[in-house]
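A quick write-up on the structure given underneath.
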Amino acid sequence: MEPEPMEALALAGGTTVVAAMATEAWQTAREGTVRLFACRGQACSAQMEARLDDNAALVGRSADIDRARAALAPGWQLELESLLTDHPELADELRVLIERVKPALPQAQQTWVQTGIAKDDALLAQAQNGNVIVYEAGSRPPGATGRGQ
C-alpha cells in the first residue's frame, strides 16, 4: 500500500482529534496527540496539551458542536503538517492514533425532516429514501379519492 501524502495524513489526524473532543474517545486522542508533540520538547508538549484542553472545553460548551469542530480542524491539520514535515518518522504513530480513536467515536447521527403541504387540489410528490410514483394528469391510482393521497 502506498503511503498517503503528509497533507492527507495531517488532515485525517486533525479531523480525528477534533472529532474526539467532547466524546468518550477524547482521552485517547488527547494523550496520543500530546505524545506526538513531545518530540519537540517539554515546553511544546505542555503548550499543545493546554491548547487541546482549551479547544475541547470550547467544543463542550458550544451550542453547535459540529460547527466548533469544523472551525478547529484546520488549525490541528496545520499543526500536524508542521510536525510531520519536521519529523516524518512520526507518520506511523499518527496513523496508529487515528486507527485507535476512530472506532471509539460515536456513529454519526442523521435526522431527516420532511414537510410537504399541498393545497387547493395540488399534487404533492415527495420521497425520502424511497420512490416517487407519478401518475399522468387526470389519472388517479385505483381507489384514490384525490384528497390526502
Side-chain angles (χ1 to χ4, degrees), residues 1-120 122-135 141 143-144 147-149:
M1 172 171 29
E2 186 175 318
E4 68 270 34
M6 292 298 175
E7 296 85 13
L9 180 57
L11 173 62
T15 302
T16 302
V17 168
V18 297
M21 292 176 180
T23 72
E24 290 185 19
W26 175 236
Q27 284 307 313
T28 301
R30 179 186 180 278
E31 290 166 8
T33 305
V34 169
R35 192 171 29 258
L36 284 168
F37 284 94
C39 70
R40 289 188 168 167
Q42 181 60 33
C44 180
S45 183
Q47 179 186 14
M48 288 299 139
E49 190 172 18
R51 182 171 169 202
L52 285 163
D53 290 342
D54 288 347
N55 286 182
L58 179 65
V59 168
R61 67 178 179 267
S62 177
D64 187 344
I65 289 175
D66 291 333
R67 183 172 165 261
R69 288 181 178 135
L72 294 170
W76 283 105
Q77 177 186 358
L78 288 174
E79 287 288 0
L80 290 169
E81 273 184 48
S82 173
L83 181 69
L84 293 174
T85 299
D86 296 344
H87 298 279
E89 71 277 8
L90 293 175
D92 286 337
E93 191 174 338
L94 178 56
R95 284 185 195 97
V96 168
L97 176 63
I98 293 166
E99 292 307 313
R100 283 184 61 216
V101 172
K102 273 189 172 182
L105 294 174
Q107 293 295 316
Q109 297 293 318
Q110 293 185 353
T111 303
W112 301 93
V113 175
Q114 184 173 16
T115 304
I117 299 171
K119 293 182 179 184
D120 303 324
L123 177 64
L124 175 67
Q126 290 181 285
Q128 187 168 300
N129 300 323
N131 298 320
V132 173
I133 299 171
V134 179
Y135 295 93
R147 294 249 179 237
Q149 294 185 1

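Just so it is clear, the structure is predicted and the values come from calculations on it, not from any experiment.
Of all non-hydrogen atoms in Leu52 and Val34, the two that sit nearest each other are CD1-CG2, 3.7 Å. Taking each heavy atom of Ala70 and Pro74 in turn, the nearest pair found is O-CD, 3.2 Å. The nearest pair of heavy atoms linking Leu97 to Thr28 is CD1-O, 3.7 Å. Residues Asp53 and Arg30 share a closest heavy-atom pair of OD1-NE, 2.6 Å. Considering all non-hydrogen atoms of both residues, Val101 and Ala20 come closest at CG1-CB, 3.9 Å.
When side chains are defined from C-beta on, Arg95 counts as touching Asp92, because their heavy atoms get closer than 4.5 Å. Taking the side chain as every heavy atom from C-beta outward, Val17 and Ile98 never approach each other to under 4.5 Å. Met6 places none of its side-chain heavy atoms less than 4.5 Å from the side chain of Leu80. Counting heavy atoms from C-beta on, the side chains of Arg40 and Ser45 never come closer than 4.5 Å. Taking the side chain as every heavy atom from C-beta outward, Leu94 and Leu36 approach each other to under 4.5 Å. No side-chain heavy atom of Glu93 sits under 4.5 Å from any side-chain heavy atom of Val96. Inter-residue side-chain proximity for Gln47 and Phe37 is flagged as unmet; no heavy-atom pair is nearer than 4.5 Å.
Separation of atoms CD (Glu49) and CD (Glu31) is listed at 9.0 Å; rounding is to 0.5 Å.
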Test log, rule side chain to side chain contact (heavy atoms under 4.5 Å, CB included), inputs Cys39 and Leu83: CA-CA 9 Å; Cys39 70; Leu83 181 69; 3.7 Å; yes
Worked check of side chain to side chain contact (heavy atoms under 4.5 Å, CB included) between Met21 and Leu72: CA-CA 10 Å; Met21 292 176 180; Leu72 294 170; 4.2 Å; yes
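The 12-atom threshold is not exceeded at CD of Glu24, counting heavy atoms of other residues, nucleotides or ligands nearer than 6.0 Å.
Using a distance-only test at 3.5 Å, with no hydrogens or angles considered, a donor-acceptor pair links the side chain of Thr85 to the main chain of Glu81.
With respect to Trp76, the side chain to side chain donor-acceptor pair (under 3.5 Å) criterion is satisfied by exactly one of Thr33, Thr16, Thr15, Asn55: Asn55.
Salt-bridge formation is not detected for the pair Asp54/Arg51: no Lys NZ or Arg NE/NH1/NH2 atom is positioned less than 4.0 Å from an Asp or Glu carboxylate oxygen.
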